[in-house]
Student: 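Before we start, here is the structure in question, set down as C-alpha cells.
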Amino acid sequence: MGLRRRGRNRVARCWLPTMPVTTAACGASVMMLLVVLFHCLLSPPLEEEEHSFLHRARIQRRSHLLLKPTEHPKNVVADTEEFHVPSGGVNPSTDLWSSNLSKQFYGCSNASRQFFRVGAVAEPNRYLMIATSGGLNQQRTGIIDAVVAARILNATLVIPELDEQSFWKDASNFSEIFDTDWFISSLKYDVMIVKEVPKKGGRIVGAPYKMRVPRKCTPKCYQSRVLPALMKKHVVQLTKYDYRLSNNLEPDLQKLRCRVNYHALKFTDQIRQMGNILVQRMRSKSSRFIALHLRFEPDMLAFSGCYYGGGEKERTELGAIRKRWKTLHVNDPDKERRHGKCPLTPEEVALMLRALGFGDEVHLYVASGEIYGGEATLAALKAFFPNVHSKEALLSRDELAPFEPFSSRMAALDFIVCDESDVFVSNNNGNMARMLAGRRRYFGHKRTIRPNAKKLSSLFPNRTSMTWDAFQSKVRAFQKGFMGEPGEVKAGHGEFHENPVACICDKNKKPSKSARDFQENDDGLDWRDLDYGEIEPLGRSRSEGSGLDGDNLLARPDEAESDEFDFGW
C-alpha cells in the first residue's frame with residue numbers, strides 16, 4: 001500500500017493494483033514497477049501534449065478569425081485551409097453581367113395630354129433663381145427639382161448657380177459642367193429657362209429675394225411659401241437647394257423630373273469626350289468590366305463614425321476630421337456596423353464579388369476620391385482582383401490636366417464610366433450611387449449591385465469559421481434583392497432618383513396612372529447622402545415645423561434664417 005501511494009504521488013495515473021503476493025511474486029512486481037516508473041518519468045503526460053497541440057491550433061486559427069470588427073487587423077486577406085478563396089468564379093444560377101428581365105422594361109417619361117405646354121401656364125415677371133448645395137450629384141438633385149419647382153410656380157427658371165463654397169472649393173459654373181443650350185432647348189415645352197434675369201434700361205428687373213424652403217417641400221408648400229414672394233418681389237432665389245422637393249408628386253411632375261435627369265442634363269462636350277475615352281480604354285482591356293464606387297474616403301469614414309481596425313492612428317486621424325462637424329454625435333462603431341451603416345472595406349467588397357461569382361480575371365474601374373490609407377488599403381482588393389484601374393492610371397498627365405483642378409469635373413468623368421459599365425457596384429447608398437442606380441434602371445436595368453451591408457456585417461467577421469462554400473452560399477442568399485433586378489425596390493420605397501417608378505414601363509402591363517408613387521419617408525440624411533469629397537453634412541431643416549403656413553404671405557428671408565448646421569467656415 002505504501003509503495004502504491006508513493007507511485008501515485010510521484011507520477012499521475014502510474015499505480016499498481018492491490019493483490020496477495022508471495023516473496024517471488026513481490027520481487028517481480030517491484031521490477032515491473034520500476035520499469036513502469038522509468039517510462040512514465042521520461043514521457044510527457046498525454047493530456048499535456050494534447051493541450052499543447054490544441055492551444056497552438058487555436059492561436060493559429062485566431063490569427064485569421066475576426067471575432068469583432070474592432071479586433072480585425074487592417075487589410076488582412078484571410079485564406080486558411082478551411083476558408084480557401086478560389087481564384088475563378090462562376091454562378092450558374094444567374095447571369096452576373098445582366099438581368100434576364102431587363103428587356104421587359106423601358107424608360108417612359110413623355111408628358112401626358114393633361115400636362116399643358118409652358119406657353120399656356122407661364123406667368124410673366126416671375127423669375128426663380130436657385131443656389132445649389134454640395135457636390136456634383138447633390139447639386140444635380142437640386143437642378144432637377146428646381147425645374148419642377150419652377151413649373152409648380154409657373155415661373156421662369158434662371159440657370160442655377162452651383163455651390164462654390166463647399167469643401168471641394170470648385171469654382172465651376174453650370175455651363176462648365178453641363179451643356180446649357182441643350183438644357184434650355186430640350187425643356188422648352190415644359191419650363192421657360194433663361195441664362196440670367198433680364199434687364200430693363202441696363203438694370204435687373206429686381207434684386208432677388210433670398211429665402212429657403214423646408215426639405216421635401218410639397219407643391220402645396222411651394223404655393224403657400226414661395227408663390228406669395230414671387231408675386232410681390234418678382235425675383236426669388238432659393239438657397240442651399242438640395243432635397244427641397246417632395247418624393248411624392250403627381251405622375252406628370254415625376255416624369256418631368258426624369259426628362260430633366262435623363263435627357264436634359266448632359267455634360268459638356270469636353271467632359272463627355274474624355275469620359276468616352278476612359279470607357280474605350282477599359283473596353284480595350286476587357287469586353288466587360290465592373291465599375292466600383294468604393295466610397296472609402298477619409299471624410300466619409302470620419303462622418304460615418306465607423307472603425308476599420310487601424311488602431312490608435314486611425315482613431316486620431318478620423319477623430320480630427322470629425323471635429324469639423326460641431327453637431328455630429330459620437331456613435332457606437334459596432335452598432336453602426338450591425339445596422340449596415342458602415343461602408344464595406346475594400347477586402348470585404350472583393351470577398352462579396354468573389355462569392356457572387358466574379359473571378360480574378362475581371363477588370364475593375366474604381367471611382368473614388370482619395371482612398372483612406374492609399375495603396376495599402378487597396379492592396380486587399382487587388383489581391384483578389386489584380387486588374388484594378390482608375391482615371392488617373394488610364395489617362396496621361398496631359399489628358400487629365402484640364403480636369404484635375406476641378407473636383408466636379410473629375411467626378412463627372414467617374415459618373416460616365418460608371419454609367420457605361422456592364423456592372424456597377426456601389427459601396428452603400430450615397431448621392432452618386434442613387435443617381436446611377438435610377439439611371440441604369442431607366443436605360444434598361446443594367447446590372448447594379450449594392451451590398452446588403454446590414455446582413456453582410458454579421459457574416460464577414462466570422463467568415464473563417466466556415467468553409468468557403470458555406471460563406472459563398474450565405475453571401476448569395478443575402479444579396480437577393482440587391483442585384484438590380486426589376487421590381488427589387490417596390491413603389492413607395494426609396495428616394496425617387498434611385499427608383500423612378502413613374503418613368504419605367506412594363507411591356508406586358510399598361511402604364512400606371514396612380515397619383516401616389518411614393519409614400520414620404522423623411523428619416524433625415526446621413527453620411528451616405530454626401531458626395532465623396534464633400535464634408536458638409538445634410539440634415540433636417542430647422543425651418544420645418546416652424547409654423548410658417550399659407551397664412552404667411554412671405555417666408556422668412558434667408559438672411560434671417562438660422563442655418564441648419566454651424567460649421568465654422
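Just the heavy atoms: all of them, side chains too, but no hydrogens, waters or symmetry mates, feed the values below.
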Student: Do the ring planes of F415 and F267 sit parallel (below 30°), tilted (30 to 60°) or perpendicular (above 60°)?
Tutor: perpendicular
Student: Indicate whether any N or O donor in one side chain lies under 3.5 Å from an N or O acceptor in the other, for N462 and S465.
Tutor: no
Student: Answer yes or no: is there an ion pair linking E347 with R463, defined by an N-O contact shorter than 4.0 Å?
Tutor: yes
Student: Which pair of non-hydrogen atoms, one from S408 and one from L136, has the smallest distance, and what is that distance?
Tutor: O-CD2, 3.5 Å
Student: Once you round to the nearest 0.5 Å, how far does CG of D95 lie from OG of S102?
Tutor: 9.0 Å
Student: Decide side chain to side chain contact (heavy atoms under 4.5 Å, CB included) for T141 and H497; before the verdict, give the C-alpha distance in whole Å, the side-chain angles of both, and the deciding distance to 0.1 Å.
Tutor: CA-CA 8 Å; T141 302; H497 298 301; 3.8 Å; yes
Student: Taking the six-membered ring for Trp, are F289 and W97 closer than 6.0 Å centroid to centroid?
Tutor: no
Student: Before giving the answer on side chain to side chain contact (heavy atoms under 4.5 Å, CB included), spell out for M483 and R450 the whole-Å C-alpha distance, their side-chain angles and the decisive distance to 0.1 Å.
Tutor: CA-CA 7 Å; M483 298 293 288; R450 56 192 178 98; over 6 Å; no
Student: Write down the atom of L96, the atom of L356, and the distance for their closest heavy-atom approach.
Tutor: CD2-O, 3.3 Å
Student: Can you name the ring-ring contact (aromatic ring centres under 6.0 Å, His included) partners of F478, sequence neighbours left out?
Tutor: none
Student: Please tell me whether C108 and C503 are bridged, where bridged means their SG atoms are separated by under 2.5 Å.
Tutor: no
Student: Applying ring-ring contact (aromatic ring centres under 6.0 Å, His included), can you list everything that pairs with Y442, at least two apart in sequence or on another chain?
Tutor: Y262, H263
Student: Are R439 and D419 ion-paired here, with the side-chain N under 4.0 Å from a carboxylate O?
Tutor: yes
Student: Above 12 or not: heavy atoms from other molecules or residues under 6.0 Å from NZ of K455?
Tutor: no
Student: If we ignore angles and hydrogens, is there a donor and acceptor under 3.5 Å between the side chains of T132 and E161?
Tutor: no
Student: Can any side-chain N or O of R354 pair as donor or acceptor with the backbone N or O of F358 at less than 3.5 Å?
Tutor: yes
Student: Not counting sequence neighbours, which residues clear ring-ring contact (aromatic ring centres under 6.0 Å, His included) with F424? List them please.
Tutor: none
Student: So which pairs with a foot in residues 375-388 pass salt bridge (charged side-chain N to carboxylate O under 4.0 Å, His left out), sequence neighbours left out?
Tutor: E375-K382
Student: Which is it for D190 and R259 under the salt bridge (charged side-chain N to carboxylate O under 4.0 Å, His left out) test, yes or no, and what are the steps along the way?
Tutor: CA-CA 10 Å; D190 298 310; R259 289 197 295 279; 2.9 Å; yes
Student: Could you check whether any side-chain heavy atom of C306 comes within less than 4.5 Å of a side-chain heavy atom of L301, counting everything from C-beta outward?
Tutor: no
Student: Distance alone, cut at 3.5 Å: any donor-acceptor contact between the side chains of S172 and D170?
Tutor: yes
Student: Between K391 and D414, is there a salt bridge with N-O shorter than 4.0 Å?
Tutor: yes
Student: Return the set of residues passing ring-ring contact (aromatic ring centres under 6.0 Å, His included) with W182 (not counting sequence neighbours), or none when no residue passes.
Tutor: none
Student: Verify ring-ring contact (aromatic ring centres under 6.0 Å, His included) between Y106 and F443, making sure each step is shown before the conclusion.
Tutor: CA-CA 7 Å; Y106 63 97; F443 288 109; over 10 Å; no
Student: Between D242 and R215, is there a side-chain N and carboxylate O pair less than 4.0 Å apart?
Tutor: yes
Student: So, S396 versus D398: side-chain donor-acceptor pair below 3.5 Å or not?
Tutor: no
Student: Examine R337 relative to F460 and say whether NZ or CZ is less than 6.0 Å from the centre of the six-membered ring and inside a 45° cone about the ring axis.
Tutor: no
Student: How about F174 and F183: are their ring centres within less than 6.0 Å of each other?
Tutor: yes
Student: Among residues at least two apart in sequence or on other chains, which ones pass disulfide bond (SG atoms under 2.5 Å apart) with C418?
Tutor: none
Student: Ion pair present between K195 and D181, side-chain N to carboxylate O less than 4.0 angstrom?
Tutor: yes
Student: Short question: side chain of E404, backbone of L400 - any donor-acceptor pair under 3.5 Å?
Tutor: no
Student: Does V366 form a side chain to side chain contact (heavy atoms under 4.5 Å, CB included) with H293? I'd like the steps, not just the answer.
Tutor: CA-CA 6 Å; V366 175; H293 189 204; over 6 Å; no
Student: For residues E317 and Y372, is any side-chain donor paired with an opposing acceptor at under 3.5 Å?
Tutor: yes
Student: For R281 and L394, which heavy atoms make the closest approach, and how far apart are they?
Tutor: NH1-O, 2.9 Å
Student: One thing to verify: whether R244 and D145 come together as a salt bridge, which I'm taking to mean a side-chain N less than 4.0 angstrom from a carboxylate O.
Tutor: no
Student: Does the side chain to side chain donor-acceptor pair (under 3.5 Å) test come out yes or no for E297 and S368, once each step is laid out?
Tutor: CA-CA 8 Å; E297 296 79 16; S368 180; 2.6 Å; yes
Student: Apply the side chain to side chain contact (heavy atoms under 4.5 Å, CB included) test between V148 and each candidate in L256, L157, V191; give the one that qualifies.
Tutor: L256
Student: Distance-only, no hydrogens or angles: does the N427 side chain make a donor-acceptor pair with backbone N or O of L294 under 3.5 Å?
Tutor: yes
Student: Any idea which heavy atoms bring A350 and L381 closest together, and the distance?
Tutor: CB-CD1, 3.8 Å
Student: Using the side chain to side chain donor-acceptor pair (under 3.5 Å) rule, take R476 and Q479 through it: C-alpha gap first, then chi angles, then the decisive distance, then the call.
Tutor: CA-CA 5 Å; R476 291 179 180 179; Q479 282 301 120; over 6 Å; no
Student: Can you confirm if the aromatic rings of F105 and H445 lie within a centre distance of less than 6.0 Å?
Tutor: yes
Student: Taking all atoms of both residues into account, what is the closest heavy-atom pair of M300 and R295, and its distance?
Tutor: SD-NH2, 3.1 Å
Student: Under a 3.5 Å threshold, yes or no: a donor from one side chain and an acceptor from the other, between Q104 and D506?
Tutor: yes
Student: Check this for me, if you would: do R409 and E176 make a salt bridge, where the nitrogen-to-carboxylate-oxygen distance has to be below 4.0 angstrom?
Tutor: yes
Student: Could you tell me whether R283 and E420 have a side-chain N and a carboxylate O separated by less than 4.0 Å?
Tutor: no
Student: Checking side chain to side chain contact (heavy atoms under 4.5 Å, CB included) for the pair L413/F403: CA distance, chi angles, key distance, verdict?
Tutor: CA-CA 9 Å; L413 295 179; F403 304 90; 4.0 Å; yes
Student: For V425 and M352, which heavy atoms make the closest approach, and how far apart are they?
Tutor: CG1-CE, 4.1 Å
Student: If you measure only the distance, is there a donor-acceptor pair under 3.5 Å linking the side chains of N261 and R140?
Tutor: yes
